[in-house]
*Asks:* 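One structure, pasted below without further comment.
The sequence lines fix the lettering, A, B, ..., with proteins before strands; numbering per chain opens at 1. As a basis for the values below, the full set of heavy atoms in this structure was taken, side chains included, without hydrogen atoms, waters or symmetry mates.
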Amino acid sequence: MAQHLDYLKETPSQTAGPYVHIGLAPGAAGFDIYKTELGKDIAGPNAAGERIRVEGVVTDGIGAPVKDVMLEVWQANASGIYAHPEHPGEVEDGFRGWGRVISDFNTGEWFFDTVKPGAVMGRSGRPMAPHINLWIVARGINIGLNTRIYFDDEAEANAADPVINLIEWESRRKTIIANRSEKDGKVVYRFDIRLQGENETVFFDI
Amino acid sequence: MTYKGEFYQRDREWHPPALTPDYKTSVARAPKHALLSLQNSASEITGPVFGHDDIDPMDRDLIHNYARPGEAAIGERIIVHGQVLDENRRPVPNTLVEAWQANAGGRYRHRKDTYLAPIDPNFGGCGRTLTDENGYYYFRTVKPGAYPWRNWVNNWRPAHIHISVFGTGFAQRLITQLYFEGDPLIPKCPILNAIPNPEAVQSLVAVLDMNATIPLDTMAWRFDIVLRGRRSTLFENRLEGN
């Protein structure tokens with residue numbers, strides 16, 4: 001018998017279920033319990049950079065909106081710094097870069113307000129184009145789905161981005177690039193997520 | 001401060017796959033294309049950090065955190081406790097653990113739950129806590145009831161508590177469900193049995209822990225949680241430049 005490796009196995013994932021809001025966003029479930037719900041303010045009041053809104057809808061393989069989805073957002077600040085002790089650099093006071101996003105229970109539409117992140121230094125000194133990391137959970141999703149939101153006004157940076165360039169099918173790259181517009185003087189990026197089927201969003205195993 | 005190494009690759013054969021037809025909702029919500037494997041960068045290795053300012057010590061007591069003064073949630077009083085470790089058996093200190101569940105009758109406090117079991121006016125059904133310096137956490141709650149759900153006509157969820165954990169990097173983010181040793185509904189559950197490996201299924205079953213009970217007061221169940229481990233700094237990983 002060979003020797004035995006003493007690693008533990010990761011706890012297996014289970015679906016967040018239809019009532020994920022009770023635990024992670026009780027206000028959306030219809031009741032108030034905590035002094036502060038976490039994840040409601042991504043950038044805080046002091047963050048530098050362009051204030052943006054990102055909106056979209058998650059659709060299933062039928063094309064129907066997923067109305068019970070929860071998204072978690074993780075992003076760097078406008079200088080490309082993550083609010084984490086292992087990332088060199090400082091972020092603005094009150095900038096966490098993390099948030100929770102709940103869709104409208106009737107339409108499936110969701111949005112969040114933040115600042116546009118800067119480029120982040122990637123592996124082997126190759127910069128990554130500005131992006132927001134997303135984690136998607138819902139009933140029927142057995143293990144959370146990871147993707148990234150890139151920005152269509154960053155064409156040059158996107159063209160050099162080491163992650164976008166890993167996507168073999170160029171036609172699929174656009175599924176992780178949000179489209180910029182202005183509504184009532186506000187910058188809005190549209191980012192629809194398709195779980196399955198035509199134009200299925202690229203999801204990552206990170 | 002420089003980066004430590006990457007996280008060990010997630011064992012996708014240990015986790016449930018996306019498409020598990022016996023759990024019907026997964027059929028239209030499972031991506032058909034393969035996931036694109038990414039080596040970790042700063043975006044995956046970092047993640048949100050929480051502190052004691054974010055939560056209240058009472059948040060971990062589901063028996064009382066939504067109860068009227070002097071009252072308590074109805075049901076079998078339990079402690080759920082354990083340690084959050086990584087795959088290298090290292091404790092994960094100071095990490096946020098959140099829990100949510102149905103009440104003792106199997107009813108969720110959610111505007112979308114219409115099951116006929118009554119709402120308990122003294123039970124909200126959610127809690128949160130930070131692990132201590134050794135990775136330990138505990139909740140006080142009532143044992144949730146089983147409840148029926150529309151999958152096959154006659155499906156019942158085993159009693160379970162939903163658990164959410166962060167770790168130190170976004171790549172460790174995990175949501176799972178805790179089940180209770182001895183529940184005869186466990187082998188019948190299509191959501192739990194979406195996990196192909198029987199040993200992995202058993203790792204979600206909490207055990208009765210008589211030593212942690214409070215005699216004449218509260219039963220206790222032990223549930224350890226394992227997050228992805230990280231490479232040591234022994235080898236050059238070149239996560240950053242230079």
*Asks:* Are A:D68 and B:K112 ion-paired here, with the side-chain N under 4.0 Å from a carboxylate O?
*Replies:* no

*Asks:* Taking A:Y82 for the side chain and B:G47 for the main chain, is one N or O donor matched with an acceptor at less than 3.5 Å?
*Replies:*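 Looks like no, no N/O pair under 3.5 Å.
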
*Asks:* Take B:F50 and A:W98, measure what ring-ring contact (aromatic ring centres under 6.0 Å, His included) needs, and give me the verdict at the end.
*Replies:* CA-CA 11 Å; B:F50 302 97; A:W98 171 81; 5.0 Å; yes

*Asks:* Using non-hydrogen atoms and a 4.5 Å limit, figure out which bit of A:V58 sits close to chain B: side chain, backbone, both or neither.
*Replies:* neither

*Asks:* By a 4.5 Å heavy-atom criterion (distance strictly below it), what part of A:A83 contacts chain B: side chain, backbone, both, or neither?
*Replies:* backbone

*Asks:* Mind ranking B:G229, B:G127, B:G125 by heavy-atom pairs under 4.5 Å with chain A and telling me who comes out on top?
*Replies:* B:G127

*Asks:* For chain A, which of B:Y8, B:F7, B:W149 has the most heavy-atom pairs under 4.5 Å?
*Replies:* B:Y8

*Asks:* Chain A heavy atoms under 4.5 Å from B:A99: which part of the residue, side chain, backbone, both or neither?
*Replies:* backbone

*Asks:* Using a cut-off of under 4.5 Å on heavy-atom pairs, state which of A:G30, A:P12, A:G61, A:P18 scores highest against chain B.
*Replies:*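 When all of A:G30, A:P12, A:G61, A:P18 are compared, A:P12 has the most.
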
*Asks:* Here's a test for you: under side chain to side chain contact (heavy atoms under 4.5 Å, CB included), which of B:H110, B:Q101, B:H162 qualifies with A:I22?
*Replies:*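 Exactly one pass, corresponding to B:H110.
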
*Asks:* A:Q75 versus chain B, heavy atoms under 4.5 Å apart: side chain, backbone, both or neither?
*Replies:*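 A:Q75 has no heavy atom closer than 4.5 Å to chain B.
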
*Asks:* Could you look at A:A76 and say if it's the side chain, the backbone, both or neither that has a heavy atom under 4.5 Å from chain B?
*Replies:* neither

*Asks:* For B:I195, is it the side chain, the backbone, both, or neither that has a heavy atom closer than 4.5 Å to a heavy atom of chain A?
*Replies:*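 The answer is the side chain of B:I195.
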
*Asks:* Which atom names give the shortest non-hydrogen contact between B:T176 and A:S13, and what distance separates them?
*Replies:* OG1-C, 4.1 Å

*Asks:* Tell me, out of B:A18, B:A194, B:G124, B:G169, who's got the most heavy-atom pairs with chain A below 4.5 Å.
*Replies:* B:G124

*Asks:* Go through the steps for A:E200 and B:K32 under the test salt bridge (Lys or Arg N to Asp or Glu O under 4.0 Å), then give the verdict.
*Replies:* CA-CA 8 Å; A:E200 182 177 304; B:K32 286 204 168 123; over 6 Å; no

*Asks:* Under 4.5 Å from any heavy atom of chain A, what part of B:Q39 do you find: side chain, backbone, both or neither?
*Replies:* both

*Asks:* Tell me, out of A:V202, A:I62, A:V66, A:T201, who's got the most heavy-atom pairs with chain B below 4.5 Å.
*Replies:* A:V66

*Asks:* Checking B:S164 against chain A: side chain, backbone, both or neither under 4.5 Å from a heavy atom?
*Replies:* side chain

*Asks:* Of the backbone (N, CA, C, O) and the side chain (C-beta and beyond), which part of B:V27 lies under 4.5 Å from a heavy atom of chain A, both, or neither?
*Replies:*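 The answer is the backbone of B:V27.
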
*Asks:* Checking A:R148 against chain B: side chain, backbone, both or neither under 4.5 Å from a heavy atom?
*Replies:* side chain

*Asks:* Measuring heavy-atom distances to chain B, does A:R96 have an atom under 4.5 Å in its side chain, in its backbone, in both, or in neither?
*Replies:*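 Just its side chain gets close to chain B.
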
*Asks:* Flag this pair as yes if the NZ/CZ of B:R128 is under 6.0 angstrom from the six-membered ring centre of A:Y34 and inside a 45 degree cone about the axis; otherwise no.
*Replies:*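 Satisfied, under 6.0 Å and within 45°.
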
*Asks:* Ignoring hydrogens, what is the shortest heavy-atom contact between A:Q196 and B:A30? Give both atom names and the distance.
*Replies:*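 Taking A:Q196 first and B:A30 second, the nearest heavy atoms are NE2-O, 2.7 Å.
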
*Asks:* Report the option among A:I167, A:T59, A:V20 that has the most heavy-atom pairs separated by less than 4.5 Å from atoms of chain B.
*Replies:* A:V20

*Asks:* When you look at A:D6 and B:R89, which way does the salt bridge (Lys or Arg N to Asp or Glu O under 4.0 Å) test go after all the steps?
*Replies:* CA-CA 9 Å; A:D6 204 25; B:R89 300 180 181 270; 2.9 Å; yes

*Asks:* Is there a side-chain contact between B:L36 and A:E168, using heavy atoms and a 4.5 Å cut-off?
*Replies:* no

*Asks:* Considering non-hydrogen atoms only, spot the tightest contact between B:E98 and A:G23 and give its length.
*Replies:*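 Looks like OE2-O, 4.3 Å.
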
*Asks:* To check you understand the geometry: which heavy-atom pair defines the closest contact between B:F170 and A:L134, and what is its length?
*Replies:*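 Heavy atoms only, the tightest pair is CE2-C, 4.2 Å.
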
*Asks:* Do you know the tightest heavy-atom contact between A:I206 and B:N40?
*Replies:*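 In this case the closest contact between A:I206 and B:N40 is O-ND2, 2.8 Å.
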
*Asks:* Non-hydrogen atoms of chain B under 4.5 Å away: do they reach the side chain of A:P26, the backbone, both or neither?
*Replies:* side chain

*Asks:* Would you mind checking which part of B:A200 comes under 4.5 Å of any heavy atom in chain A, side chain (CB onward), backbone (N, CA, C, O), both or neither?
*Replies:*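 Contact with chain A involves both backbone and side-chain atoms of B:A200.
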
*Asks:* Measuring heavy-atom distances to chain B, does A:L145 have an atom under 4.5 Å in its side chain, in its backbone, in both, or in neither?
*Replies:*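 Contact with chain B involves the side chain of A:L145 alone.
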
*Asks:* What orientation do B:Y108 and A:Y19 show, parallel under 30°, tilted 30 to 60°, or perpendicular over 60°?
*Replies:* tilted

*Asks:* For A:K9, which of B:N197, B:V226, B:D11 qualifies under side chain to side chain contact (heavy atoms under 4.5 Å, CB included)?
*Replies:* B:D11

*Asks:* Given a strict heavy-atom distance threshold of 4.5 Å, which part of B:D54 is in contact with chain A: side chain, backbone, both, or neither?
*Replies:* both

*Asks:* Among B:L227, B:D86, B:L96, B:D59, which residue forms the greatest number of heavy-atom pairs with chain A at distances under 4.5 Å?
*Replies:*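 The candidate making the most pairs under 4.5 Å is B:D59.
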
*Asks:* At under 4.5 Å between heavy atoms, what parts of residues 36-52 of chain A are in contact with chain B? List them by residue number.
*Replies:*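 Within residues 36-52 of chain A, the residues that come under 4.5 Å of chain B (heavy atoms only) are A:T36, A:E37, A:L38.
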
*Asks:* For the backbone of B:T46 and the side chain of A:E86, can you confirm whether one donor and one acceptor N or O come within less than 3.5 Å of each other?
*Replies:* no

*Asks:* For the residue pair B:V49 and A:H84, what are the closest heavy atoms and their distance?
*Replies:* CG2-CD2, 4.1 Å

*Asks:* Checking salt bridge (charged side-chain N to carboxylate O under 4.0 Å, His left out) against A:E10, which of B:R173, B:R12, B:R10 comes through?
*Replies:* B:R10

